[in-house]
Amino acid sequence: DQQVKQNSPSLSVQEGRISILNCDYTNSMFDYFLWYKKYPAEGPTFLISISSIKDKNEDGRFTVFLNKSAKHLSLHIVPSQPGDSAVYFCAASNGITGANNLFFGTGTRLTVIP
Amino acid sequence: KAGVTQTPRYLIKTRGQQVTLSCSPISGHRSVSWYQQTPGQGLQFLFEYFSETQRNKGNFPGRFSGRQFSNSRSEMNVSTLELGDSALYLCASSLGASGAGGADTQYFGPGTRLTVL
């Protein structure tokens, strides 16, 4: 049973425009959410996170929004750059199953077109 | 600061064999978690070790086991390999803060690509 879902397997965006990656979850006990990006032949690289007590967290070009009532989060990348092309994974955890037991979505492949 | 390292990077085994994978965490990190990535199931949590003790465990059979040493390095073992065990095995390390969500960010190694023939 997939508790974290990324329903868009791929996304293409022009350089300089906004990229919006979406993620939905089913477990209301999740209290921490993270985004990772992954290049081929490398492990996932941590990008940004958000606690369930917040609805927005910003770090440079990356902003994560959390809508708890909708069990939805999104990652905004502005402006998008060709180097952002990678697979992006949404992940979640909770204090019951452990902070380091991450539940991952299946990933969205972002392609930024120069 | 050096990142998470995993050895070997690639491994080919045959059904029925056993395999041991190694992970060296970032210096100062005390928690090591293992994940399996397959095209069909995505990234799935195997287990976490903290201070040489298994702290959390995912839904994998007992053929998958691990351990952690006093220097926080960790090994993962898979016995009686099956074709379905072919996957990328990722190790992640973190400081190992309390078990409450939100206190710990994991940093991943490059993974070990295991192929079972």
Side-chain angles (χ1 to χ4, degrees), chain A residues 1-7 9 23 25 27-55 57 59 62 64 66 68 73 86-109, chain B residues 3-6 9-10 21 23-26 29-51 53-60 68 74 88-113:
Chain A
D1 180 34
Q2 196 76 22
Q3 298 187 48
V4 178
K5 301 177 184 179
Q6 293 176 258
N7 294 317
C23 179
Y25 61 96
N27 188 342
S28 58
M29 298 302 293
F30 286 142
D31 55 14
Y32 196 56
F33 304 88
L34 308 91
W35 284 93
Y36 285 84
K37 73 174 181 180
K38 187 177 186 299
Y39 295 116
E42 294 182 14
T45 301
F46 170 73
L47 264 181
I48 192 168
S49 61
I50 187 168
S51 164
S52 60
I53 62 174
K54 297 185 177 180
D55 55 21
N57 188 28
D59 183 3
F62 302 91
V64 55
L66 175 63
K68 284 178 58 180
L73 66 155
V87 178
Y88 288 77
F89 291 95
C90 165
S93 69
N94 67 73
I96 297 173
T97 52
N100 290 332
N101 177 357
L102 292 179
F103 293 82
F104 280 88
T106 50
T108 297
R109 182 177 300 279
Chain B
V4 178
T5 58
Q6 292 186 245
R9 292 293 310 275
Y10 302 91
L21 312 181
C23 172
S24 292
I26 292 171
H29 285 192
R30 297 170 63 195
S31 168
V32 173
S33 298
W34 289 89
Y35 292 82
Q36 181 195 65
Q37 185 180 20
T38 59
Q41 299 295 323
L43 274 151
Q44 292 188 293
F45 173 78
L46 280 155
F47 32 65
E48 179 202 6
Y49 284 86
F50 177 76
S51 292
T53 302
Q54 188 179 86
R55 184 159 71 171
N56 282 300
K57 188 178 188 305
N59 295 323
F60 279 81
Q68 187 180 35
S74 176
L88 179 67
Y89 289 89
L90 291 158
C91 160
S93 79
S94 65
L95 289 170
S98 72
D104 220 10
T105 297
Q106 293 181 70
Y107 298 87
F108 284 81
T112 294
R113 171 74 61 186

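Naming convention: chains lettered A, B, ... in sequence-line order (proteins, then strands); numbering from 1 in each chain.
Atom NZ of K68(A) sits in a sparse spot, with 12 or fewer heavy atoms from other residues, nucleotides or ligands closer than 6.0 Å. At most 12 heavy atoms of other shown residues, nucleotides or ligands fall within 6.0 angstrom of atom CZ in R109(A).
With a 4.5 angstrom heavy-atom cutoff, R113(B) does not touch chain A via any of its atoms. Using a 4.5 Å cut-off between heavy atoms, F89(A) touches chain B through its side chain atoms alone. Heavy atoms closer than 4.5 Å to chain A are found nowhere in Q6(B), neither backbone nor side chain. When heavy atoms are compared at a cutoff of 4.5 Å, Q106(B) approaches chain A by way of both its backbone and its side chain. Of the two parts of F47(B), neither the backbone nor the side chain holds a non-hydrogen atom closer than 4.5 Å to a non-hydrogen atom of chain A. Only the side chain of L90(B) comes within less than 4.5 Å of a heavy atom of chain A; its backbone N, CA, C and O stay farther away. When heavy atoms are compared at a cutoff of 4.5 Å, L46(B) does not approach chain A at all. Using a 4.5 Å cut-off between heavy atoms, Y36(A) touches chain B through its side chain atoms alone.
One finds the CG atom of L47(A) at 11.5 Å from the OG1 atom of T105(B) (value rounded to the nearest 0.5 Å).
Between chain A and the residues L88(B), V4(B), N56(B), L43(B), the most heavy-atom pairs under 4.5 angstrom are made by L43(B).
Judged by distance alone, with hydrogens and angles left aside, the side-chain atoms of Y35(B) form a donor-acceptor pair with the main-chain N or O of L102(A) at under 3.5 Å.
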